[in-house]
Amino acid sequence: MADDDYAELVLTVVERIPPGRVMSYGAIAEYLGRGGPRQVGAVMSHYGGGVPWHRVVAANGRLVPGHEQEALRRHRQEGTPLKSDKVDMRRAVWWPEDDPAPLP
DNA sequence: GGAATGACGATAA
DNA sequence: ATTATCGCCATTC
């Protein structure tokens, strides 16, 4: 099934997000070039248990619904640019080509 | 097969 | 800044 592939792709990208940086659902979807923000969100909600899900935020900087407290705590821990209860996107938004991590 | 649903996004009021 | 609506897209009922 292709959707499992898609899920793995999403998870891979999420794992690639460096600490102190975040990526929006839409950004991930755009980067993958298929599906949409909601698909990414769906994958995260179901399969996102093994990746730094807190680094995935809504485009408006809102933290993950249902885990705001948790995500907020971790972000403070990692030094993510925060706006009180939201992420400072202007600084925190990250793009894969921004920081080409060496793939083994 | 059609309607409802959802860790979204952008815009309008 | 906050809330309300509409549009997107694939999955699920």
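The chains referred to below are lettered A, B, ... by the order of the sequence lines, with proteins before strands, and numbering in each begins at 1. Predicted model only: the values in this text are computed from it and were never measured.
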Between P on C:dA10 and CG on A:D5, what's the gap in Å once rounded to a whole number?
16 Å

Heavy-atom donor-acceptor pair, A:H54 side chain to A:E70 backbone, under 3.5 Å
no

Can you check each nucleotide of nucleotides 8-13 of chain B against protein heavy atoms at under 4.0 Å and return B for base, S for sugar-phosphate only, - for none, in 5' to 3' order?
BSS---

Taking atom NE2 of A:H67 and atom CZ of A:R74, what is their separation to the nearest 0.5 Å?
11.0 Å

List, with names and distances, any nitrogen or oxygen atoms from the protein found under 3.5 Å away from nitrogen or oxygen atoms belonging to nucleotides 3-5 of chain C.
none

Once you round it to whole Å, what is the distance between P of C:dA10 and CG of A:L32?
13 Å

Knowing that exactly one of A:V14, A:V13, A:V10 qualifies, which makes a side chain to side chain contact (heavy atoms under 4.5 Å, CB included) with A:V56?
A:V14

What's the shortest heavy-atom distance between A:P81 and A:G20, and which atoms?
CD-O, 3.5 Å

Which atom names give the shortest non-hydrogen contact between A:L63 and A:V57, and what distance separates them?
CD2-CG1, 3.8 Å

Quick one: closest heavy-atom pair of A:P37 and A:Y25, and the distance?
O-CB, 3.8 Å

Would you mind reading off the distance between A:M44 atom CE and C:dA10 atom P, rounded to a whole angstrom?
19 Å

Apply salt bridge (charged side-chain N to carboxylate O under 4.0 Å, His left out) to A:R62 and A:E68, showing your working.
CA-CA 8 Å; A:R62 208 69 172 122; A:E68 285 189 340; 3.5 Å; yes

Going by the rule ring pair (Phe, Tyr, Trp, His ring centres under 6.0 Å), which residues pair with A:W94 if we only count those two or more places apart in sequence or in a different chain?
none

Spacing of A:Q39 atom CD relative to C:dT12 atom C1', expressed in whole Å
12 Å

